[in-house]
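Below, chain A is the first sequence line, B the second, and so on; all start at residue 1.
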2 protein chains.
Amino acid sequence: MAGFWTNHAETLRQAVEAIRSRGHFSAYPEAPSGRIYGETAKAEAEAAFQDLLGKPFGKGERMVGDERSPWGPALGITYPALPVSTLVARAEAAAPAWAGAEPRTRAGILLEILHRLNRASFLMANAVMHTTGQGFAMAFQAGGPHAQDRGLEAVAYAMEELARIPAEARWTKPAGKDSLAMAKRYRVVPRGIGLVIGCSTFPTWNGYPGLFASLATGNAVIVKPHPAAILPLALTVRTAREVLAEAGFLPDIVQLAPDTAEAPIAAELATNRMVGIVDFTGGPAFGGWLRKHVGAEKALHTEEAGINPVVLHSTADLAGAMRNLAFSLSLYSGQMCTAPQNIFVPAGGIPTGDGHKSFAEIGRAMAEAIDALLADPARAAGVAGAIQNPATLERIAQARGLGRVVRDSAPIPGQDGARTATPLLIEVDHTAREAWGEERFGPIAFLIRVPDAEAGLRLAADSARARGAITALVHSTDDGFLARAEAEFARAGAALSENLTGGVFVNQSAAFSDYHVSGANPAGTSCLTDAAYVANRFHIAMARRPVAA
Amino acid sequence: MAGFWTNHAETLRQAVEAIRSRGHFSAYPEAPSGRIYGETAKAEAEAAFQDLLGKPFGKGERMVGDERSPWGPALGITYPALPVSTLVARAEAAAPAWAGAEPRTRAGILLEILHRLNRASFLMANAVMHTTGQGFAMAFQAGGPHAQDRGLEAVAYAMEELARIPAEARWTKPAGKDSLAMAKRYRVVPRGIGLVIGCSTFPTWNGYPGLFASLATGNAVIVKPHPAAILPLALTVRTAREVLAEAGFLPDIVQLAPDTAEAPIAAELATNRMVGIVDFTGGPAFGGWLRKHVGAEKALHTEEAGINPVVLHSTADLAGAMRNLAFSLSLYSGQMCTAPQNIFVPAGGIPTGDGHKSFAEIGRAMAEAIDALLADPARAAGVAGAIQNPATLERIAQARGLGRVVRDSAPIPGQDGARTATPLLIEVDHTAREAWGEERFGPIAFLIRVPDAEAGLRLAADSARARGAITALVHSTDDGFLARAEAEFARAGAALSENLTGGVFVNQSAAFSDYHVSGANPAGTSCLTDAAYVANRFHIAMARRPVAA
């Protein structure tokens with residue numbers, strides 16, 4: 001255990017420095033490169049993944065699991081499913097030793113878990129790719145190193161908070177000629193079992209912040225994966241339990257709680273009285289249920305849904321803007337909580353570096369940029385990946401009727417076994433709120449005709465406030481407009497990107513530097529990660545006794 | 001404004017240092033002394049208080065107010081009462097400038113408000129005394145300097161949190177031979193109007209943490225006082241508005257929202273969609289309503305009720321222990337949220353420095369200690385004060401039937417105009433949970449016969465978990481028992497005091513050093529004050545744009 005801390009203390013120190021300065025930092029290399037991860041790592045991971053298929057992942061009386069790769073095959077993996085009462089009892093039995101451990105003991109173990117997850121990033125890439133439908137490179141990055149960075153970020157925030165509470169203090173109060181003196185001791189008391197409810201699109205990237213924040217603050221955690229994406233979190237939990245056991249703790253500090261779509265257990269877990277913290281990523285239907293039924297005595301952190309806007313006012317580089325936006329719309333087929341949906345464009349067009357461009361010209365430029373990006377089917381498959389949920393295909397079909405199709409969605413050629421769909425771009429008037437005014441998850445975007453950019457900005461910010469938004473993108477060459485956009489989206493709680501024309505995309509959120517989700521609109525109750533995200537995962541207990549002054 | 005910051009920066013620096021080290025600190029002298037506050041301050045405050053009586057406090061179309069001093073006379077003061085919609089609209093109009101101000105500008109103003117409140121502590125003492133019923137010295141200390149310290153503590157925590165968020169960052173990510181560079185800006189966005197719902201017993205001490213925490217993090221605040229204790233918060237709001245106006249801000253950043261018992265407005269305010277933060281001190285009936293109806297999109301901090309236990313295991317100094325406990329039971333007639341109610345005593349008695357004492361002897365010693373403390377009527381009135389609410393007298397009458405009366409409650413001689421009552425001490429068996437198992441607010445305590453001290457500890461901790469407790473007191477000469485008590489009450493979320501025999505009392509909670517309320521049991525959802533208490537009062541907004549690498 002001391003070894004874990006010693007090995008990783010410098011990484012944690014750098015992470016703590018990064019969350020303060022918020023410059024670029026990453027502890028885990030994002031390049032799926034043999035030079036970094038070992039020349040045989042990719043092939044070995046592929047073999048290891050194949051070896052998992054069609055088999056039970058662990059033993060148990062009741063086994064569940066019906067994952068199917070959006071790229072084609074059923075995974076055929078089953079997982080032991082325990083009753084909620086058993087999960088809770090095991091967590092309670094394992095919890096006291098974890099709660100009583102020194103923060104740096106816990107941090108060392110958690111960083112060792114992240115380190116081992118990092119070494120297994122190629123295997124994780126396979127698991128994420130074949131549950132979420134992400135292309136391989138994205139599954140590697142978002143499912144591996146980027147998710148690990150988010151876990152580390154949560155540990156860093158937790159350690160910062162815990163470091164603010166001294167273990168003891170001497171309190172000496174002048175009282176006339178004498179003084180009163182008390183010895184005080186403070187201890188951190190975990191809030192209760194942490195429940196992490198995973199999602200089907202980014203099971204690790206969205207799951208790690210809550211998992212590692214709850215663990216770092218001394219709570220045992222039950223991980224309830226989405227039935228469609230169990231494997232990435234099963235691998236995570238397995239690694240965590242291995243490291244915990246090596247360090248002399250009961251592995252039940254982290255447990256996997258798989259369920260099925262037919263017999264979900266998240267509600268029962270979330271309302272169990274021993275559960276003190278609920279971290280949820282998913283749709284607003286169950287998110288709303290949790291907001292209503294998880295009592296104020298528990299800490300609830302949700303990331304739900306939003307409608308991310310783009311406002312075009314003017315640009316020096318239309319081609320760059322369109323290339324950039326085309327990538328944002330195409331990446332993982334719009335199945336990112338940060339992907340844009342609504343593109344507000346002035347009816348009279350906008351000024352660009354190549355002269356004034358009409359509304360129709362903007363639409364054509366956008367369609368052409370998407371076509372160009374996805375022209376090569378192999379590249380298209382890598383960028384757009386596959387469609388996680390069959391319901392998304394139905395949503396695309398319905399969306400075609402909502403306005404004029406500027407660019408149609410289509411399967412990616414040569415991916416016959418997979419469920420794929422390129423972006424659908426629909427032109428509507430801003431009055432067609434029934435079309436663009438709700439989240440249409442997947443590769444569906446609206447080109448929305450607005451009287452002018454100011455009106456577009458107002459509509460974009462209003463919809464963020466009313467229906468949620470995680471990101472916003474604005475293109476403008478006018479500093480005054482950018483300043484108004486910053487003020488509007490700050491109030492609306494959407495993270496604003498401006499004038500993206502190069503290699504940074506609105507849907508990318510960098511750990512340690514970008515704050516992901518604000519908590520200020522219906523897209524989610526909390527920021528992943530800020531101080532508020534960790535500070536309510538524990539209580540402070542104190543004891544005091546008189547001592548000689 | 002710069003002057004306010006300059007004048008008070010050192011005080012804030014000391015406060016920030018104090019919340020880290022948690023030693024003794026106080027910015028505002030607690031002694032009601034003419035040498036500190038001016039030799040004429042007391043008399044002038046008395047005259048100023050008399051001048052407030054029987055008059056409107058401000059002007060308005062609709063005036064409310066029916067405060068009656070527990071010491072006798074009706075105050076006859078009325079206050080302007082605005083509709084909720086008007087209050088909210090005014091707060092919204094005043095809020096943007098406050099939200100946009102620099103944190104240190106806000107802090108300077110808030111510390112100036114606290115400074116002026118401190119200078120007016122004698123007037124506040126009169127206001128608190130004649131609404132809550134506290135004796136003068138206590139009203140001065142708890143209503144004045146100690147409350148001001150708690151306000152400062154909240155500002156210190158808020159400034160610490162805000163300081164963790166940089167205004168901007170340069171993010172430069174290596175990308176092959178080139179790099180990607182982004183300029184990022186972060187801004188703090190207030191969560192929404194802060195609502196402070198005051199209580200009738202400690203309107204300022206319990207109200208200031210939420211008031212100053214919300215203000216320091218940039219929120220406008222509406223203060224809804226208890227109808228029985230409006231004046232202390234009206235004086236507070238008046239001072240705040242004066243300083244805000246002097247600093248060039250709209251005074252509506254802080255508004256008073258008085259109501260009546262017949263037409264309460266707290267529920268309407270708490271559920272108004274522009275209200276983002278609710279701080280409540282009061283009973284669990286309305287506390288429970290708030291926990292159910294204030295949505296997860298708002299931050300809710302409550303302090304409700306608890307049953308504070310005492311466990312006697314052994315003591316080297318029975319007389320000291322009894323003197324100390326007698327004071328804790330008598331102080332403000334048990335109307336403190338931190339006052340003990342349940343005293344668990346082994347049926348076989350306990351070892352003491354003067355030999356073994358039987359259960360009956362302990363009961364007699366406790367009754368005698370109370371009698372001795374309150375023997376002098378003038379001192380009794382000063383310590384015990386008056387009874388805030390007539391319902392408390394009825395509760396005492398009912399409690400007499402719950403067991404054997406060891407010491408009866410009685411009015412304090414010579415206080416004929418006042419509503420007074422000394423402590424009632426009732427002996428019951430631990431099986432009589434219907435007697436001791438619920439909060440009986442006021443000067444009512446139970447001497448509970450338990451098989452042994454270990455059983456007493458278990459019952460005490462269990463009741464804290466089940467029904468809430470803010471404090472706990474243990475007497476033991478056995479380090480092992482004390483260690484077990486610390487572990488039990490840490491888990492149960494009650495702040496433990498051990499072996500108090502001198503001038504520190506279990507009901508005293510010192511700002512900057514003691515954490516008041518844990519949030520870990522039904523006594524309240526939050527600690528006043530820790531990082532979690534302030535960190536969820538704002539959001540972080542970000543904007544980023546590409547820059548040359």
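- Electrostatic pairing of B/E486 and A/R544 does not count as a salt bridge here, judged by no charged N lying under 4.0 Å from a carboxylate O.
- Heavy-atom pairs under 4.5 Å with chain B peak, among A/A99, A/G502, A/A490, A/A31, at A/A490.
- Across all non-hydrogen atoms, the minimal contact from B/L300 to A/A296 is CD2-CB, 4.5 Å.
- Options A/A487, A/A181, A/A472 differ in how many heavy-atom pairs under 4.5 Å they form with chain B, and the most are formed by A/A487.
- Here the OG atom belonging to A/S518 is positioned 9.5 Å from the CD1 atom belonging to B/I540, to the nearest 0.5 angstrom.
- Taking chain B as the reference chain and counting heavy-atom pairs below 4.5 Å, the highest number among A/T172, A/V504, A/T525, A/V294 is found for A/V504.
- Separation of atoms CD1 (B/I19) and CZ (A/R164) is listed at 6.0 Å; rounding is to 0.5 Å.
- For chain B, no part of A/A175 is nearby; none of its heavy atoms comes within less than 4.5 Å.
- Counting all heavy atoms, side chain and backbone alike, A/G23 lies closest to B/A169 at N-CB, 4.5 Å.
- Among A/E161, A/K292, A/R491, A/E160, the residue with the largest count of heavy-atom pairs under 4.5 Å with chain B is A/E161.
- Expressed to the nearest 0.5 Å, how far CZ of B/R545 lies from CG of A/L482 amounts to 5.0 Å.
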Between A/M542 and B/H516, does a side chain to side chain contact (heavy atoms under 4.5 Å, CB included) hold up when you go through it step by step? CA-CA 10 Å; A/M542 58 173 291; B/H516 178 66; over 6 Å; no
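- Of the atoms belonging to B/S21, it is backbone heavy atoms, and not side-chain ones, that fall under 4.5 Å from chain A.
- In this structure, chain A has a heavy atom under 4.5 Å from the side chain of B/L180, while its backbone stays farther away.
- Proximity to chain B (any heavy atom under 4.5 Å) is shown, for A/L290, by neither the backbone nor the side chain.
- Each of B/A492, B/A495, B/S513, B/A531 has some count of heavy-atom pairs under 4.5 Å with chain A, and the biggest count is that of B/S513.
- The minimum heavy-atom distance linking B/R22 with A/Y186 is given by the pair CB-OH, 3.5 Å.
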A/L500 vs B/M182, test: side chain to side chain contact (heavy atoms under 4.5 Å, CB included). Steps then yes/no. CA-CA 10 Å; A/L500 298 183; B/M182 301 285 283; 3.6 Å; yes
Does the side chain to side chain contact (heavy atoms under 4.5 Å, CB included) test come out yes or no for B/N521 and A/E297, once each step is laid out? CA-CA 8 Å; B/N521 67 46; A/E297 71 282 2; over 6 Å; no
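- Counting all heavy atoms, side chain and backbone alike, B/A535 lies closest to A/A532 at O-CB, 3.4 Å.
- For A/R537, no part lies under 4.5 angstrom from a heavy atom of chain B.
- The CZ atom of A/F538 lies 7.0 Å from the CG atom of B/D530; values are rounded to the nearest 0.5 Å.
- Salt bridge annotation for B/D514-A/K184: present, with a cationic side-chain nitrogen under 4.0 angstrom from a carboxylate oxygen.
- Panel note: side chain B/H24, backbone A/W171; no donor-acceptor pair is recorded below 3.5 Å.
- Residue contact with chain B, scored on non-hydrogen atoms closer than 4.5 Å, involves the backbone and the side chain of A/R291 alike.
- Residue with the most contacts toward chain B among A/R191, A/R170, A/Q508, A/E168: A/Q508 (heavy-atom pairs, distance under 4.5 Å).
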